[in-house]
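Reviewing the structure listed below.
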Amino acid sequence: MDRDASPRYPFAMKKGDHLFLVDGSGYIFRAYHALPPLNRKSDGLPTNAVLGFCNMVWKLMRDARDTDVGVTPTHFAVIFDYSSKTFRNDLYPEYKANRSAPPEDLIPQFGLIRHATRAFSLPCVEMEGFEADDLIATYCRMAEEAGADATIISSDKDLMQLVSPAVSMYDPMKDRQIGIPEVIEKWGVPPEKMIDLQALTGDSIDNIPGVPGIGPKTAAQLLEQFGDLDTLLSRAEEIKQQKRRESIIENADKARLSRELVTLKRDVPVKEVPDDFVLEPSNGAKLLAFLKAMEFTTLTRRVAEATGTDAAEIEPADIPVERADSAHGPDMETAPAEAADETAGAAPAMDEGDTPSLLAALRAGAATAEKIDVDAYHTITDLQTLKDWIEEAFETGVVAFDTETTSLDPMQAELVGFSLATRPGRAAYVPLGHRQGAGDLLGGGPVEGQLPVREALAELKRLMEAPSVLKVAQNLKYDLVVMSRYGLDIAPYDDTMLISYVLDGGAARGHGMDSLAEKWLGHKTIQFGEVAGTGKSFIGFENVAIDKATRYAGEDADVTLRLWQVLKPRLAAKGLASVYERLERPLVPVLARMEQRGISVDRQILSRLSGELAQGAAAIEEEIYGLIGERINIGSPRQLGEILFGRMGLPGGSKTKTGQWSTSAQLLEDLAAEGHELPRKIVDWRQLTKLKSTYTDALPGYIHPETGRVHTNFALAATTTGRLSSSDPNLQNIPVRTAEGRKIRTAFVADKGFKLVSADYSQIELRVLAHVADIAQLKQAFAEGADIHAITASEMFGVPVEGMPSEVRRRAKAINFGIIYGISAFGLANQLSIPREEAGAYIKKYFERFPGIRDYIEATKTYAREFGYVETVFGRRIHYPEIRSPNPSVRAFNERASINARLQGTAADIIRRAMIRMEPALTEAGLSARMLLQVHDELIFEVADDEVGATIPVICDVMENAPMPARSLSVPLRVDARAALNWDEAH
DNA sequence: ACAGAAGCTTA
DNA sequence: GTAAGCTTCTGTT
């Protein structure tokens, strides 16, 4: 960087200038430990280090204007560590290796302090691969070369080597200046010999070896005698004391390595130069907005007084503690307060965003401070050791755990072992059901030396149910179902998968442990397949060797605990704690119970249906073969397309994106409408074979051998919008639209003496739309219980609701649904089979009648573009990292999705709230109804015959009032509920 | 044995 | 036009 060639800056640093360099990272730790714990009142966000930092900077800046102090900064910067990995780790892998993770309540403060720095209009400087100390050393050199002075705001002895006539240090906590005399007084050597002194003494905190037996006093004395380290090492034989002499000769290499480690790098290729640090006039409003957001009342008042600002008039800043992880596309999560920063010109260096620095700060602490070593985990095979570990968990108050089983299906899984982690790197596996000799016919016997399951579980139960110990798991619902079958409950708990889901819904591809470990810890986990095999080579976890299982299971617990340390504080920091605590965490046991209960499915009905479908399909098949003259595979779209559009030459053929003939139902329907016989038969055949293969044939295979019921799996963190999903089997897509399909629902039955009750929200997403977009006509229509589609049609086409043609209403209905899906002329045209121009005209007309909806759509798009996410009424965030894509179709897709997400997501939040409230409400009412299924806007219960009458009003009441008391919708919610012997009739 | 495409089911 | 999961076919490993 040749800034000497021609001065690019009007404020080039010159003689008489004074550069202040704050050791930000050092200060964070000192302030944290020096100050009592402090939490933001509104949400418990820990802020003690932030307050200490703000007080310190404020004092420095105020003193800067106070000429009495004599030292007036003209340039000012705050320097941070970028990550724990630096060039020193290449030199010496153990460097700082024994640093433990920062305390949990310090972690969110790393990011906040960077925000604080910017609120003070000060530059934040950091650089990958270098410590803050190296940057400080480099800037001190630059200042000295420019003839300026520098003051380092720190008391770290590692920085004392920089002290010179032009450079001094200042300890803000003790209000003490450190110059050359102070260094000599404290260490007995002048600053330039500090490097040699540290090389001899080492540093246990940073894991710098030094020479054993040499402390600061001895080192100073030796340096006094020999002058410098090299001379000392070359003439070590002259040392009189035998032990000292031997130690120095023996450890000369260690001393030289230590010297390399402690020598600060004064030529870091920095991006910013001191000229960039010219002290700007402070921006009182921006600073106050930050202080108010932190709820620092005293400091806010002081700053307001000093700057002559009325604090009451300033809105607290929206502090995103960090930005979205934006590997793809531009950085999004930039709140207004931050965006203003850019124009304030506070930190020219920060235009690359603070994401990496923040992630790094987090990783630096909790995650990579102690490396993940899968060989370090313990295997517990005796009761006393297990008791010791459990005791340890009681002491720490937090334990991560994971179960290892024989199956992915928690209702079938048998426990094989479990693992615990009490702190990062400290994990143990307790094998219980490992077997050996799987190859022989008997399936092998148990491995010797494992704890008896009963004894181990009795101990574990004590821990799992202890109110004083927080249990942390990844996808806790699985473990909850398994453990429940062994008689264990788990509470209280946290779930790292759900925390990630709340933090990064839409931004991350998945919330599985493997991807979370990679993302947050930079660690590649052992794959399950590597341990237990895949496909044909799958052996089941019970047949995995115990040492291998220990590495795998121990890692699971260790990683889970570390993830929790990294992720949990971020919830409060981003204002998402209540989403997690109210919409996610409490739903886990509710869903676990629903899954465990399962639903009765009548085998006979399915079997009979299957036969009927087979007959029907076979008959159609013959007709098809007759029409085309050969026996092709009708299930092959490729062969079908070849026949239809190739050989038979039917019109209207279109190609899919892979260049194949499209044989979609829509297209075949159109052909059938033109009078072609074959397409109709293909559509009919497909319907029958679909029903048979997906439902009547597959469902009986899911009937549990012991319970005789079907237990679906509800996924809490699978969708972007907050909806649940159901799988194995999916009970959220059981047919309902056709009469044939509905027969399958008759196989879902209540037990003898019970009824199935289905309760579903009427038009919930349209009601949410009416509320959030605040549309008077729609709100009124819902308040009056009117037909919403008819009202829409009436408004649009000027047709009275009375005697309205069904086609008119149908079109209005399609438009209403279109709005929810983020309408496009293309989509509406497809849905209604009308030209795109006509669809466009409808949409135009609709927006003329409901301008509020157009405004709502535009506002949502603008918001999503600005922040990269949208929020539901209950505060759930759904990220759209690609919404600013330069590709118009990608962008349009993200816009539609974000419009839909607010509505679908809010509806999902509402039914989640209802589900969480439901069981206590039923219990309070003395009712025994059991919730079995959720299908997005519908809940299905099994209710004793004699309780049906009393239960339905309770269910409806809970569902209709689910938004309360958190939110009150300006539109009433309506629920329809019915009881019957099977799902078809109840629906 | 696995992955992607096509197609179909639901809200 | 939104959000999911499952089955079959097809081609690749």
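Proteins come first, then strands; the chains are lettered A, B, ... in the order of their sequence lines, and each starts at number 1. In this text the structure is predicted, and so the values were computed from the model without any measurement.
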Discussion item. So if I take every side-chain heavy atom of A/Val736 and compare against B/dC2, B/dT10, C/dG1, which nucleotide ends up nearest?
Written reply: B/dT10

Discussion item. Taking 4.0 Å as the cut-off, does a side-chain nitrogen or oxygen of A/Asn633 come that near to OP1 or OP2 on C/dC9?
Written reply: yes

Worksheet item: Is any side-chain nitrogen or oxygen of A/Thr656 closer than 4.0 Å to OP1 or OP2 of B/dA6?
Response: yes

Item to complete: Return no unless some side-chain N or O of A/Ser725 is found under 4.0 Å from OP1 or OP2 of C/dG5.
Response: yes

Worksheet item: Is A/Glu848 salt-bridged to A/Lys845, going by a charged N under 4.0 Å from an acidic O?
Response: no

Discussion item. Which nucleotide wins on minimum distance to the side chain of A/Val935, given the candidates C/dG5, B/dA6, B/dA11?
Written reply: B/dA11

Item to complete: Classify the nucleic acid contact of A/Ile820 as base, sugar-phosphate or nothing, counting any heavy atom under 4.0 Å across all strands shown.
Response: nothing

Worksheet item: Looking at the side chain of A/Thr534, which of C/dT7, B/dC2, B/dC8 is the nearest nucleotide?
Response: B/dC2

Worksheet item: In whole angstrom, what separates A/Lys743's NZ from B/dT9's P?
Response: 15 Å

Fill in: Aromatic centroids of A/Tyr842 and A/Phe797 separated by under 6.0 Å
yes

Discussion item. What is the separation between atom CG on A/Leu667 and atom C1' on B/dA6, rounded to the nearest whole Å?
Written reply: 13 Å

Response to the item:
Of the candidates C/dA3, C/dC6, C/dT10, the side chain of A/Asn730 sits closest to C/dC6

Response to the item:
Side-chain contact check for A/Thr658: nearest option of C/dC6, B/dA6, C/dT7 is B/dA6

Response to the item:
Rounded to whole Å, CD of A/Glu621 lies from P of C/dT8 at a distance of 13 Å

Worksheet item: Has the side chain of A/Gln904 got a donor or acceptor that lies under 3.5 Å from a partner of the other kind on the base of C/dT2?
Response: yes

Practice prompt. Figure out the CG/P separation between A/Leu933 and B/dT10, and round it to whole Å.
Written response: 16 Å

Item to complete: Could you tell me whether A/Arg638 and A/Glu642 make a salt bridge, using a distance below 4.0 angstrom between a side-chain N and a carboxylate O?
Response: no

Worksheet entry | Side-chain donor/acceptor of A/Arg638 to base of B/dA6, under 3.5 Å | no

Discussion item. Please determine whether a side-chain nitrogen of the Lys or Arg among A/Glu584 and A/Arg912 lies less than 4.0 Å from a carboxylate oxygen of the Asp or Glu.
Written reply: yes

Practice prompt. Please check the phosphate of C/dT8 (OP1 and OP2 only) for any side-chain N or O of A/Thr689 closer than 4.0 Å.
Written response: no

Discussion item. Could you check whether A/Arg978 pairs with A/Glu985 (Lys NZ or Arg NE/NH1/NH2 to Asp/Glu carboxylate O, under 4.0 Å)?
Written reply: no

Worksheet item: Quick one: do A/Lys690 and A/Glu740 make a salt bridge, cutoff under 4.0 Å?
Response: no

Discussion item. Below the 4.0 Å mark, does B/dC8 have OP1 or OP2 next to a side-chain nitrogen or oxygen of A/Arg686?
Written reply: yes

Discussion item. Between C1' on C/dA4 and CD1 on A/Ile878, what's the gap in Å once rounded to a whole number?
Written reply: 15 Å

Worksheet item: Is there a side-chain polar atom (N or O) of A/Ser664 under 4.0 Å from OP1 or OP2 of B/dC8?
Response: no

Discussion item. Checking contacts here: which listed nucleotide (C/dC6, C/dT10, B/dA6) is nearest the side-chain heavy atoms of A/Pro637?
Written reply: B/dA6

Practice prompt. Ignoring the backbone of A/Asp937, work out which of B/dA11, C/dT7, C/dG1 is nearest its side chain.
Written response: B/dA11

Discussion item. Does B/dA6 have its OP1 or OP2 closer than 4.0 Å to a side-chain nitrogen or oxygen of A/Thr663?
Written reply: no

